[in-house]
Amino acid sequence: MERTGPTVRFSGLLAAVTAAVLAAGALVATAPAAGAADVDLARNGGFESGLDGWSCTAASGAVVSAPVHGGTKALKSTPAGSDNAKCSQTITVKPNSSYTLSAWVQGSYVYLGATGTGTTDVSTWTQSSGAWKQLTTTFRTGPSTTSVSVYTHGWYGTPAHYVDDLTLVGPGGDPVVIPAVPAGLKTTAITSSSVALSWNAVSGASGYNVYRGGAKVATATGPSATVTGLTPSTAYSFQVSATNAAGESAKSAAIAATTTAGGGGGGDTKLPARALVGYLHSSFANGSGYTRMADVPDSWDVINLAFGEPTSVTSGDIRFSLCPVAECPNVESEAEFKAAIKAKQAAGKKVLISIGGQNGQVQLASTAARDAFVTSVSKIIDTYGLDGLDIDFEGHSLSLNTGDTDFRSPTSPVIVNLISAVKSLKAKYGSDFVLTMAPETFFVQLGYQFYGSGPWGGQDPRAGAYLPVIHALRDDLTLLHVQDYNSGPIMGLDNQYHTMGGADFHIAMTDMLLAGFPVAGDTTKVFPGLRPDQVAIGLPASTQAGNGHTTPAEVNKALNCLIKKTDCGSYQTRGTWSDLRGLMTWSINWDRFNNGEFSRNFDAYFGS
């Protein structure tokens with residue numbers, strides 16, 4: 001969130017991650033000679049049969065007759081916009097085996113790599129290749145790896161490149177067999193209209209089907225799913241099966257679950273079933289002007305006071321005060337502000353203190369900082385009679401130390417201490433305490449590709465750094481509203497890059513939060529999906545509020561797809577998320593500046 005105009009820093013962060021990946025690719029050793037029993041496993045690696053066996057992003061891939069390296073055909077791929085012209089193929093391999101991947105390429109910034117190896121995924125590249133050049137890399141499969149994905153791609157904004165004679169040499173994989181029946185099916189959360197499930201991952205499974213009363217109701221890529229659209233106080237039976245290219249396993253043993261009674265839709269926090277969340281510039285002014293608390297329109301259900309900021313980056317001592325009169329001539333008095341908060345709460349609204357923002361870097365690197373955070377945030381909550389806390393840590397507030405590779409058991413002090421501090425606040429204020437988070441996509445959805453400093457070191461350690469915080473606090477979390485703005489292209493669960501500003505971006509980014517995803521591509525480390533009632537979509541209220549503004553028509557398309565599974569375009573969601581909580585925006589002030597377009601559209605869509 002920003003005090004002034006938008007600051008685009010995502011491209012620099014993503015570039016840092018990319019540079020590390022490229023450097024890792026450059027370190028790959030020259031391939032050893034293949035063993036006598038090794039064979040070329042790539043299908044149609046010379047593209048003599050067109051694109052048979054290959055999957056290419058958008059319309060980027062085409063087969064041409066010239067130039068070619070061998071035979072009569074070659075692949076021509078052209079990056080366009082946010083598409084890097086990726087073409088990939090899934091190949092069956094043997095566990096614990098060595099493979100050599102090679103291809104002849106022509107053009108600038110051409111990449112060759114493999115993912116899903118079960119050990120260390122590899123890539124290599126050439127910066128400039130006026131003539132045909134061979135790229136080669138090697139990898140070893142993990143103990144349970146039976147397939148890998150090999151790929152080539154270019155880079156954004158570069159001219160077309162060519163690929164020919166791609167080979168993957170190594171021992172042939174065993175035929176794919178139907179996976180085993182999933183075990184360990186259990187419920188992880190139950191609401192009046194949804195049941196969250198998890199089960200043990202099955203070796204060799206590429207996906208899972210979820211059944212309710214014998215009818216398939218959901219699919220999942222990892223070992224968790226949330227079934228929505230259920231009736232309060234009703235008993236249901238659930239089963240799950242595993243799938244891969246060979247077929248589907250038998251269904252698991254059934255488990256029973258009974259939904260809770262209907263109510264306010266937000267548990268003890270009593271949020272409405274559809275909530276509109278907005279940030280109020282309370283401690284500063286900017287181009288949108290100052291809005292007094294009493295003048296906040298009734299449309300807003302959750303009002304986040306921006307911002308509480310630390311006395312220093314590492315102190316943990318958070319302070320909040322109203323905007324100075326010299327900066328905000330129409331600012332109300334402290335007494336008027338507190339009275340207006342009480343009036344909002346009497347009308348059923350929630351008012352939170354938001355910590356951080358663009359300028360408020362908070363690093364709880366020590367237990368002393370953790371304790372100061374709890375004490376100072378408690379003082380702010382008590383002074384103004386607030387309902388809870390919004391965590392809007394940005395910039396360098398959260399990062400993962402080298403070697404901290406599992407989001408389920410973090411070891412980095414800034415992560416561990418933040419989790420501990422929030423749990424202490426929750427324990428102090430009880431079940432009515434409202435907890436929300438507003439991370440950027442770099443800290444959440446980018447974790448599907450990159451997590452921390454990565455297997456080689458050198459990646460940006462902030463990549464995916466919110467995931468352990470969200471996971472550890474998921475039972476306490478009221479709302480997660482990721483900022484779907486000021487973002488670079490992000491890969492979705494369809495393994496395509498999605499760009500901010502339209503319905504597609506919000507659909508793909510939100511679906512990731514609800515369906516869950518393997519972190520850094522590791523299927524043994526799956527971030528479980530959140531409940532739909534825990535998720536809102538974060539957007540800028542106007543073109544002045546941040547990069548990635550989305551028109552009301554596109555916002556409604558995104559809502560239609562996620563809630564009703566209509567208007568989805570090219571991206572198909574992994575579920576129908578009928579209990580999606582609502583929308584968040586930066587900011588209430590900018591919405592008023594824009595004649596209330598954002599809030600009026602929300603009210604019209606949900607019939608408020």
Side-chain angles (χ1 to χ4, degrees), residues 188-191 194 196 198 224 226 266-269 271 275 277 302 304 308 316 318 350 352-356 362-365 367 369-371 373-374 377-378 381 386-394 397-400 404 406-445 447 451-452 462 464-483 510 512-514 516-517 519 525-536 538 581 584:
T188 56
I190 300 176
T191 71
S194 67
S198 70
S224 66
T226 300
D268 290 333
T269 59
L271 288 183
V277 182
V302 180
N304 291 329
I318 308 299
K350 303 297 182 183
L352 317 181
I353 180 64
S354 180
I355 307 297
V362 182
Q363 295 176 1
L364 304 184
T367 55
R370 175 200 65 192
D371 296 343
F373 183 88
V374 173
V377 171
S378 297
I381 291 172
L386 304 179
D387 296 289
L389 167 68
D390 173 70
I391 300 173
D392 186 16
F393 284 16
E394 300 183 14
S397 295
L398 294 182
S399 62
L400 296 156
D404 190 350
D406 191 339
F407 73 93
R408 299 166 299 187
S409 53
T411 57
S412 303
V414 295
I415 304 292
V416 174
N417 289 332
L418 175 60
I419 294 168
S420 175
V422 174
K423 283 188 174 293
S424 294
L425 289 166
K426 177 73 174 182
K428 176 177 180 178
Y429 292 102
S431 60
D432 288 339
F433 186 76
V434 179
L435 173 64
T436 65
M437 300 182 195
E440 297 164 293
T441 57
F442 188 91
F443 297 91
V444 184
Q445 288 95 336
Y451 186 69
R462 295 169 290 175
Y466 250 93
L467 291 175
V469 179
I470 297 167
H471 185 65
L473 297 171
R474 63 174 55 237
D475 292 339
D476 302 311
L477 181 64
T478 309
L479 277 179
L480 176 71
H481 30 65
V482 175
Q483 301 176 38
T510 306
M512 294 180 78
L513 302 177
L514 298 171
F517 54 87
V519 176
K525 298 175 181 176
V526 176
F527 175 80
L530 295 169
R531 302 190 318 269
D533 63 278
Q534 289 180 295
V535 175
R581 181 67 75 178
M584 172 277 278

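Numbers for residues simply follow the sequence, beginning at 1. Everything numeric here is computed off the predicted structure, so don't read it as measured data.
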Tell me whether the guanidinium CZ or amine NZ of Arg408 lies under 6.0 angstrom from the six-membered ring centre of Phe527 and within 45° of its axis. no

With distance as the sole criterion, is a donor-acceptor pair present between the side chains of Ser354 and Asp390 under 3.5 Å? yes

Test item: Tyr466 side-chain N/O and Gln445 main-chain N/O as donor-acceptor pair under 3.5 Å: no

Determine, step by step, whether Val519 and Leu467 satisfy the side chain to side chain contact (heavy atoms under 4.5 Å, CB included) criterion, reporting the C-alpha distance in whole Å, the side-chain angles of both residues, the deciding distance to 0.1 Å, and the verdict. CA-CA 9 Å; Val519 176; Leu467 291 175; 4.0 Å; yes

Paired with Ile355, the side chain to side chain contact (heavy atoms under 4.5 Å, CB included) test is passed by just one of Ile391, Leu389, Asn304, namely Leu389

Hey, does the side chain of Gln534 reach the backbone of Arg474 with a donor-acceptor pair shorter than 3.5 angstrom? yes

Quick one: does Gln483's side chain have a donor or acceptor within less than 3.5 Å of a partner on Ala438's backbone? yes

I need the Leu477 CG to Met437 CE distance, nearest 0.5 Å. 5.0 Å

With distance as the sole test, does Asp404 use its side chain to make a donor-acceptor pair with the main-chain N or O of Leu400 at under 3.5 Å? no

If only atom types and distance count, is the side chain of Thr478 paired as donor or acceptor with the main-chain N or O of Leu435 below 3.5 Å? yes

Backbone of Ser420 reached by a side-chain donor or acceptor of Ser424 within 3.5 Å: yes

Donor-acceptor contact present, side-chain Ser399 to main-chain Arg462, <3.5 Å: no

Do you know the tightest heavy-atom contact between Glu440 and Val482? C-CG1, 4.0 Å

